[in-house]
Amino acid sequence: MKKISILGSTGSIGSQTLEIVRKFPERFEVTGLCGGRNIDLLAEQVMEFAPKVVSVNRKEDSERLKEIADPETQIYYGDEGNIAVASEENCDLVISSMVGFGGLLPTLSAIRAGRDVAIANKESLVVAGELLTSEAKKYNVTLIPVDSEHSGVFQTLFEKDRKFLKKIILTASGGPFRNTPEKDLEKVTTADALRHPTWKMGEKITIDSATLMNKGFEIIEARWLFDTPAEKISIWVHPQSIVHSILEYVDGSFIVHFSAADMKIPIAQALCYPDRLNFGFPDTSPDKLSDITFEKLDTDKFRAPAIATECLKMGGTYPAVLNAANEVAVNAFLGEKIKFTEIIPIVMKTLECHNKLDSECLDNILEADRWSRSTAEAAIRSLLSQ
């Protein structure tokens, strides 16, 4: 039986992970849960799975959980609690699915505790990919991607074929504004941007999918997960979200990974790697695959992937600044303080002011994150005052 801890258990990935655990109770045991603001759902999860360690954001919420949890369950809060869940001594696999920069420290702690990590918290790899992957090698830890695109590459890229690899191609649905004229983007609402055509995700990642910053982050993730330079990673628009990744080889061959647009598939693959689970998905017949199409990315309308690629090439703490400024701008848009079309300009303005630091040092990453948030917030205040 595999023992798992979940960072972000009340979010989309965490909740779907627990669906799989319910279906295969003989395969998995939950040893740790870390939740955020949805305390009611976390309380239900604690009652159902009786983990050994639980963490919440606030002290008052931890006191509430102590009243209902098993007396032997350890309840923590804050960063200390997140790290406790990530490094629980009996855990075999940590599901890193917290949203945003807050997932970095517990993910790093899990690695340094020698735990394999199923990584859905893309921000950790974006801001500290070099540090995380070097620490994973040091502690003999396997990083298993949960993103559908990177999961596809993980399942199809074999070591013996690496020397023949020409391109890693990650697909993008194009988001809700794929066919929206650029001139009309200024008028889109938060509700419009949250209406993703194929995936059901949390708010932040859904907005990132609308700007295609999500794909920019995925380029950075792929660079570190698969030790592949930015020049060998590209994005193709694929509206049906059936094909998740394509490997192009020097002989003209293409190896394609496809599956239904259901996150439980890559989650289950990560949970039981190197095995697979029969989750009961319906059979797919060829006629259901007849409408697969691909398009070239409109880089004039969607600049985020190119910006992320440039940050990756510049290196150092540029990706950390990119991530933090984007988080601040997306939150401002979700709070209806700025327009959709102002998200990327705020990110770019923040990047233009940055002086690069060494990204192998955790303190530098933390400082770059702090500086970027402050600078992006100042840019938003300046924008609102005009």
Side-chain angles (χ1 to χ4, degrees), residues 4-8 13-14 32 34 79 82-88 91-147 149-151 153-154 157 168 170 205 208 213-214 216-230 233 266-267 270 273 308-309 311-324 326-327 356-370 372:
I4 66 171
S5 287
I6 305 174
L7 302 170
I13 297 297
C34 167
D79 288 339
N82 297 338
I83 291 171
V85 171
S87 54
E88 202 281 321
C91 179
D92 301 310
L93 177 71
V94 173
I95 315 301
S96 175
S97 59
M98 294 175 66
V99 177
F101 184 79
L104 172 59
L105 290 180
T107 300
L108 182 59
S109 299
I111 292 171
R112 287 175 172 171
R115 310 291 181 257
D116 287 342
V117 178
I119 190 158
N121 173 245
K122 62 175 70 266
E123 291 86 357
S124 293
L125 280 170
V126 170
V127 305
E130 185 175 15
L131 176 62
L132 291 182
T133 51
S134 64
E135 290 293 279
K137 290 178 182 177
K138 178 180 177 180
Y139 290 96
N140 195 28
V141 162
T142 301
L143 298 178
I144 309 167
V146 173
D147 267 357
E149 296 83 2
H150 301 91
S151 177
V153 177
F154 184 77
L157 179 58
I168 291 177
L170 306 175
I205 192 172
D208 285 344
M213 182 61 80
N214 192 43
F217 287 164
E218 287 177 8
I219 291 171
I220 300 175
E221 286 182 271
R223 184 268 174 269
W224 296 114
L225 282 169
F226 308 114
D227 193 21
T228 302
I233 306 167
I267 293 170
Y273 174 80
T309 299
C311 286
L312 176 59
K313 291 177 179 179
M314 290 190 292
T317 47
Y318 273 104
V321 169
L322 171 74
N323 175 74
N326 181 68
E327 279 192 28
K356 182 172 72 172
L357 301 172
D358 177 13
S359 64
E360 291 186 86
C361 173
L362 178 60
D363 286 343
N364 286 349
I365 294 171
L366 296 174
E367 170 57 25
D369 177 82
R370 184 206 62 76
S372 180

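For the pair Lys356 (side chain) and Met314 (backbone), a donor-acceptor distance under 3.5 Å is present. Asp208 places no side-chain N or O within 3.5 Å of a backbone atom of Met213 that could act as its donor or acceptor partner. Without hydrogens or angle criteria, His150 side chain to Glu221 main chain gives no donor-acceptor distance under 3.5 Å. No donor-acceptor distance shorter than 3.5 angstrom exists from the side chain of Asn82 to the backbone of Leu105, with no hydrogens or angles considered. In this structure, Glu123 contributes its side chain and Asn323 its backbone to no donor-acceptor pair below 3.5 Å. Remark: side-chain polar atoms of Thr317 are paired, donor with acceptor, to backbone N or O of Leu357 under 3.5 angstrom. Checking side-chain atoms of Ser372 against main-chain N and O of Ala368 turns up no donor-acceptor pair under 3.5 Å. A donor-acceptor contact shorter than 3.5 Å links the side chain of Asp358 to the backbone of Glu360.
For Ser151, the side-chain contact (heavy atoms from CB on, under 4.5 Å) partners at least two apart in sequence or on another chain are Gln155, Pro266, Gln269.
With a 4.5 Å cut-off on side-chain heavy atoms, Ile233 and Leu170 count as touching. Put simply, the side chain of Ile119 reaches to within 4.5 Å of the side chain of Thr107, judged on heavy atoms. You'll find the side chain of Ile13 reaches within 4.5 Å of the side chain of Ile267, heavy atoms only. Side-chain contact check for Met98 versus Pro106: some heavy-atom pair is nearer than 4.5 Å. Considering only heavy atoms from C-beta on, Leu143 comes within 4.5 Å of Thr133 through its side chain. Looking only at side-chain heavy atoms (C-beta outward), Arg223 and Thr228 stay at 4.5 Å or farther from each other. Phe101 has its side chain within reach of Leu366: a pair of non-hydrogen atoms, C-beta onward, lies under 4.5 Å apart. At a threshold of 4.5 Å between non-hydrogen side-chain atoms, the residues Leu362 and Leu104 count as touching.
Minimum heavy-atom separation, Ile6 to Ser97: CG2-OG, 4.1 Å. In this structure, Gly100 and Asn121 approach most closely via the heavy-atom pair O-ND2, 2.9 Å. The nearest pair of heavy atoms linking Leu125 to Leu132 is N-CD1, 4.1 Å. The shortest heavy-atom contact between Val94 and Cys91 is CG2-SG, 3.9 Å. Among all heavy-atom pairs drawn from Cys311 and Tyr318, the shortest one is O-CB, 3.8 Å.
One finds the OG atom of Ser87 at 12.5 Å from the CD1 atom of Ile111 (value rounded to the nearest 0.5 Å). Distance CG/Leu131 to NZ/Lys138: 10.0 Å, rounded to 0.5 Å. Ile219 contributes atom CD1, which lies 10.5 Å from atom CG of Asn214 (distance to the nearest 0.5 angstrom). Residue Lys122 holds its NZ atom at 11.5 Å from OG of Ser96, rounded to the nearest 0.5 Å. Atom-to-atom distance recorded for Asp227:CG and Leu157:CG is 10.5 Å, nearest 0.5 angstrom. Rounded to the nearest 0.5 angstrom, Ser109 OG and Arg115 CZ are separated by 11.0 Å.
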Side chain to side chain contact (heavy atoms under 4.5 Å, CB included) evaluation trace for Phe217 with Leu322: CA-CA 9 Å; Phe217 287 164; Leu322 171 74; 3.8 Å; yes
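Residues Tyr273 and Phe154 bring their aromatic ring centres within 6.0 Å.
Side-chain contact annotation: Ser359 with Glu130, donor-acceptor N/O pair under 3.5 Å present.
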